[in-house]
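Working notes, structure below.
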Amino acid sequence: MQERAARTRQALVHAAAQEFDDNGYAAASLADIGKAAGTSTGAVTFHFPSKASLADEVHAQGVAVTRHALQQVDHQAGPLRSAISMAGAVVRCLENDVTVCAAARLDRDREDCAPTWSSVWSTAVQQELAKTTGTSSCASTKPSLILSLLIYLVRGAEVDVRAQRRGAPETRAGSVSDLFTRMWETFLPALEGPPRS
């Protein structure tokens, strides 16, 4: 019985994440979420007494998935490359887990998300970039500028991921995370500059 309840609860979270990501928090309804999860509105409210509590759970799961991905990044390549790898891990999360995309959208749709999904990953990346001070990498570029660039690129990736999920005709072929990686492989040597002697 408990296992079935856990499966129903997770199905509701997944359906809600899809609904929040597709239509936004305000337009999402518990009836539509229940229908998408293959259950009734009564079952939704049994597990989650309000839309806000369901959104809180979706957001929390998206944040947890993102934190876990950040913890898996190998930091042996140096802080600049590690920071870029962390941002790449966030893009893969957006691509592979709808709760992450929903958490990103809920950040904008609700004012009471704490911590925000974006602050969780951007703070971790910022802390990693702070370690570049005085290193040969990033010699001529401010870490704050690289952080701003990464934030812009992750936000752009979020838009592309959402467009691909909807099958928008103007979307690029291929993986958004692969494109992110290819861009950084191209630009990283210029950021790192020549090695110091």
Are [Y] and [X] connected in a single hydrophobic cluster, I mean Ile/Leu/Val/Met/Phe/Trp/Tyr linked by side-chain heavy atoms less than 4.5 Å apart?
X: Met86; Y: Val161; answer: yes
X: Met183; Y: Ile146; answer: yes
X: Val13; Y: Val98; answer: no
X: Val120; Y: Leu106; answer: no

Who passes salt bridge (Lys or Arg N to Asp or Glu O under 4.0 Å) against [X], sequence neighbours left out?
X: Asp56; answer: Arg110
X: Asp74; answer: none
X: Glu128; answer: Lys131

Residue pair [X] / [Y]: nearest heavy atoms and the distance that separates them:
X: Val100; Y: Cys93; result: CB-O, 3.7 Å
X: Ala37; Y: Leu12; result: CB-CD2, 3.7 Å
X: Ile33; Y: Ala15; result: O-CB, 3.6 Å
X: Asn23; Y: Ala27; result: O-CB, 3.4 Å
X: Val73; Y: Ser85; result: CG1-CB, 3.7 Å
X: Ala16; Y: Val58; result: CB-CG2, 3.9 Å

For Leu188 and Leu80, run side-chain contact (heavy atoms from CB on, under 4.5 Å): C-alpha distance rounded to whole Å, both residues' side-chain angles, the deciding distance at 0.1 Å, then the answer.
-> CA-CA 9 Å; Leu188 191 54; Leu80 177 60; 3.7 Å; yes
Nearest 0.5 Å, please: how far is [atom2] in [Y] from [atom1] in [X]?
X: Thr8; Y: Glu3; atom1: OG1; atom2: CD; result: 10.5 Å
X: Leu150; Y: Ile84; atom1: CG; atom2: CD1; result: 6.0 Å
X: Glu19; Y: Ser29; atom1: CD; atom2: OG; result: 6.0 Å

Keeping to residues at least two apart or across chains, list the side chain to side chain donor-acceptor pair (under 3.5 Å) pairs with something in [range].
range: residues 87-99; value: Glu95-Ser175, Glu95-Ser177, Asp97-Thr99
range: residues 143-153; value: none
range: residues 37-46; value: none

Tell me, do His47 and Glu57 make a side-chain contact under 4.5 Å, heavy atoms counted?
->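 Not in contact.
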Side chains of Phe48 and Leu30 in contact at under 4.5 Å (non-hydrogen atoms) |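 The answer is no, as the side chains (C-beta and beyond) never meet within the 4.5 Å cut-off.
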Donor-acceptor pairs under 3.5 angstrom involving side-chain atoms of residues 65-72: please list them, not counting sequence neighbours.
residue: Thr66; atom: OG1; partner: Gly62; partner atom: O; Å: 2.8
residue: Thr66; atom: OG1; partner: Trp117; partner atom: NE1; Å: 2.8
residue: Gln72; atom: NE2; partner: His68; partner atom: O; Å: 3.4

Can you name the residues that form a side chain to side chain contact (heavy atoms under 4.5 Å, CB included) with [X], not counting sequence neighbours?
X: Leu149; answer: Leu153, Trp184
X: Arg162; answer: Asp21, Cys101, Arg105, Arg108, Glu158, Arg166
X: Thr181; answer: Glu185
X: Ser122; answer: Ile151

Residues, nucleotides or ligands: over 12 heavy atoms within 6.0 Å of His14 NE2 |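 Result for NE2/His14: open.
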What do the steps show when you test Val63 against His59 for side-chain contact (heavy atoms from CB on, under 4.5 Å), and what is the final call?
-> CA-CA 6 Å; Val63 166; His59 191 270; 3.6 Å; yes
Any donor-acceptor pair under 3.5 Å linking the side chain of Thr132 with the backbone of Leu129?
-> yes
Looking at residues at least two apart in the chain, or sitting in another chain, which of them share a ring-ring contact (aromatic ring centres under 6.0 Å, His included) with Tyr25?
->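 Residues passing ring-ring contact (aromatic ring centres under 6.0 Å, His included) with Tyr25: Phe20.
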